2 protein chains.
Amino acid sequence: MAQPDTVTRILDTAEVLFAERGFAETSLRTITSKAKVNLAAVNYHFGSKKSLIQAVFARYLDPFAVSFHAALDALEARYRDTSDAVPLEALLETLTRTVLEIPAERDSLKVFMRLLGLAYSQAQGHLRRYLQQEYGDLFTRFTELLRRATPELPETERFWRLHFMLGSVIFILSGLDALRDIAEKDFGERVSVRELVHRLRPVVVEAMNAPIAPPMPAST
Amino acid sequence: MAQPDTVTRILDTAEVLFAERGFAETSLRTITSKAKVNLAAVNYHFGSKKSLIQAVFARYLDPFAVSFHAALDALEARYRDTSDAVPLEALLETLTRTVLEIPAERDSLKVFMRLLGLAYSQAQGHLRRYLQQEYGDLFTRFTELLRRATPELPETERFWRLHFMLGSVIFILSGLDALRDIAEKDFGERVSVRELVHRLRPVVVEAMNAPIAPPMPAST
DNA sequence: GCCCTGTTAAAACAAATGTTTGTGTCTCTC
DNA sequence: GAGAGACACAAACATTTGTTTTAACAGGGC
């Protein structure tokens, strides 16, 4: 069979290795030897290791951003004539459906989610800057819809809860392999990412709609 | 003023740097030069970089484990005669109270939470093994109480929700500074860690008690 | 005095890292 | 078929990494 070309062989190998070990812990030599390409190929095609990392993300996120923008267009259109806002359930359903639809090849979803988690937790300031610059507007659009979906929530409360839930997703998915191993050992159940996302959606909905905490008793 | 001794100077510096950049991204030379100690001091006092990382965690977790065990003793005693299980709210209240009581020095809580997050997300297999070995029993005790507090939840569902919530807390508190800055800029509200934890508790309770998702439509 | 022990200091070590260089080898264009 | 451009390859380069070695220093007990 014809091997895919050098660039995609590097990307394929790099994304898996990055997801397994993190960025700093994965050397170019490990990548290139496993991908059966020359060491210098990375610097030739991508320029630097940083650019390679960004390219790995772009290959996932670019199609996702397009799909998600389109899905949000459709969603807003459906609720345009009714004067209602897009309900929270529908918004989350659209998000998860778009995320789950993207790959269809390999177990790329797991890899992608793990990479997202690493993007937050690893240092890699250049990566955060890159993601903010490339996909910041998409995030803004989503949060605006979220705002309209939960109008009864005070601004700050929604802000904190959003990041609370964001943290959950990133944390769970970035540590997925380890957690799944534990779950399999303890409960003998091997769950797919699809199913996990599906099962956690009501948890997010309920959490966003939780009652506001009573004012805290003053201390000190 | 008398400088603290070499060992604690190393620990103080290392924990901050680790929290800022991660473990692999922080070199011993950065630590020792910032701590104003000799490079070889780390290997002399701790043996290796791995052992230093573990020591940073032990300095936080050892006192916490003692306090939390004691707090759980008291909590169980209070509910011993009543045949009821410890309610979820009380369990979470005990946990957050213990966490908040420990430090009182530096802004160590924030740093500690960030380290905990890194411990999960970074490779560092030795660290996970160490934490499991040293504090596994405390975690087991807590999850057992959690199990009794949510008897209607299937085992695996509780497992995943627990880690879901764990992720939230770690994520929020580890990125606290950045998030708080945004919140202050956007909403003009500066919230304390205490208050944040207080306000997020009902979110956790509600999330744990969320309805089970309906079975997922089969695909491929 | 001397020796022993615990600690610090400077230097060197071996290994691993990202990147660059020079050369060879195709393939397409004129 | 000659020349050019794109790519692959091996080797070397300059740093940076964790760790070890060796010597120096300080203090207390005999």
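In what follows, chains are A, B, ... by sequence order, proteins preceding strands, each numbered from 1. Note that this is a predicted model, so its numbers are computed, not measured.
Distance A:Glu25 CD to D:dG18 P: 12 Å, rounded to the nearest Å. Here the C1' atom of nucleotide D:dG18 and the CZ atom of B:Phe23 are 17 Å apart, to the nearest Å.
Taking the side chain of B:Asn43 as heavy atoms from C-beta on, and the options D:dT19, C:dG18, D:dT17, the nearest nucleotide is D:dT19.
Within the 4.5 Å cutoff, side-chain heavy atoms of B:Arg21 are placed close to those of B:Thr30. In this structure the side chain of A:Leu61 never reaches within 4.5 angstrom of the side chain of A:Glu134, judged on heavy atoms. Using a 4.5 Å heavy-atom cutoff, the side chains of A:Arg148 and A:Val86 are not in contact. Counting only heavy atoms from C-beta outward, the side chains of B:Asn38 and B:Thr32 never approach each other to under 4.5 Å.
The residues A:Glu206 and A:Arg161 are annotated as not salt-bridged, no charged nitrogen and carboxylate oxygen being separated by less than 4.0 angstrom.
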N/O contacts under 3.5 Å, protein versus nucleotides 25-28 of chain C?
none

**Request:** Give the B/S/- string for nucleotides 4-10 of chain C, one per nucleotide from 5' to 3', where a protein heavy atom under 4.0 Å of the base yields B, of only the sugar-phosphate yields S, and otherwise -.
**Result:** --SBBBB
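Between the side chains of B:Thr143 and B:Thr140, no donor-acceptor pair is found at a separation under 3.5 Å.
Contact between the side-chain N/O atoms of B:Ser27 and the OP1/OP2 oxygens of D:dT17 is found at a separation under 4.0 Å.
Checked against the 6.0 Å centroid threshold, B:His163 and B:Phe159 count as a close aromatic pair.
Classification of the A:Phe142-A:Phe68 ring pair by plane angle, with boundaries at 30° and 60°, yields tilted.
Between B:Leu28 and A:Arg29, the residue anchored nearer the 5' end of DNA chain D, judged by the nucleotide with its closest heavy atom, is A:Arg29.
Counting any heavy atom pair closer than 4.0 Å across all strands shown, B:Thr26 reaches sugar-phosphate atoms only and no base atom.
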